[in-house]
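These numbers were taken from a predicted model, which means no experiment stands behind them. Atom set for the values below is all heavy atoms of this structure, side chains included, hydrogens, waters and symmetry mates excluded.
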Amino acid sequence: QVQLVESGGGLVQAGGSLRLSCAASGRTFSPYAMSWFRQAPQKEREFIASIIWSGGSTSYADSVKGRFTISRENAKNTVYLQMNSLKPEDTDVYYCAAAHKRYWGPDKQFYDYWGQGTQVTVSS
């Protein structure tokens, strides 16, 4: 079984930056893609960004394009989300997810493993 553990969340002022990490452990970890989602209370979990594990191709939601960068470090089984120019509307719980199927899009049903989430709060 694979476990995903997010870290790096916290409180930051608008305009600031945070870097989230998601470390995978467990059985041999070789996903097709890793992604970040976020969710506010009473709202649907929203796709943020994804990266293909082997090739490194990336995809972003329009709401974060140009501000957030997803990257991975295969040797450490870790994916990162660098978040710059943060806005109060970026306040959410952020989750990482792993897909073993050949998929790297926004549909949550295709992801096999999820982390427990890390809170990001952006003050105005």
A side-chain contact here means heavy atoms from C-beta on lying under 4.5 Å apart; do [X] and [Y] qualify?
| X | Y | result |
| --- | --- | --- |
| Phe29 | Leu4 | yes |
| Gln13 | Leu86 | no |
| Trp53 | Asn77 | yes |
| Asp107 | Phe47 | no |
| Met83 | Asp90 | no |
| Trp104 | Tyr32 | yes |

Query raised in the report: For Lys101, does the NZ atom have more than 12 heavy-atom neighbours from other residues, nucleotides or ligands under 6.0 Å away?
Result: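 Correct, the count exceeds 12.
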Query raised in the report: Near Glu89 CD, under 6.0 Å, is it more than 12 heavy atoms from other residues, nucleotides or ligands?
Result: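 Yes, the 6.0 Å shell around CD holds more than 12 heavy atoms from other groups.
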Report task. Please list, chain by chain and in numerical order, all residues satisfying salt bridge (charged side-chain N to carboxylate O under 4.0 Å, His left out) with Glu46, sequence neighbours excluded. Result -> Arg38
Requested in this report: Can you sort out the partners of Asp62 under salt bridge (charged side-chain N to carboxylate O under 4.0 Å, His left out), two or more places apart, ordered by chain and number?
Outcome: Lys65
Query raised in the report: Got a sec, which residues hit side-chain hydrogen bond (donor to acceptor under 3.5 Å, both in side chains) with Tyr80, two or more places apart in sequence or on another chain?
Result: Glu73
Query raised in the report: Between Asp92 and Lys43, does at least one N-O distance fall below 4.0 Å, as a salt bridge requires?
Result: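 Salt bridge flag = no for Lys43 with Asp92.
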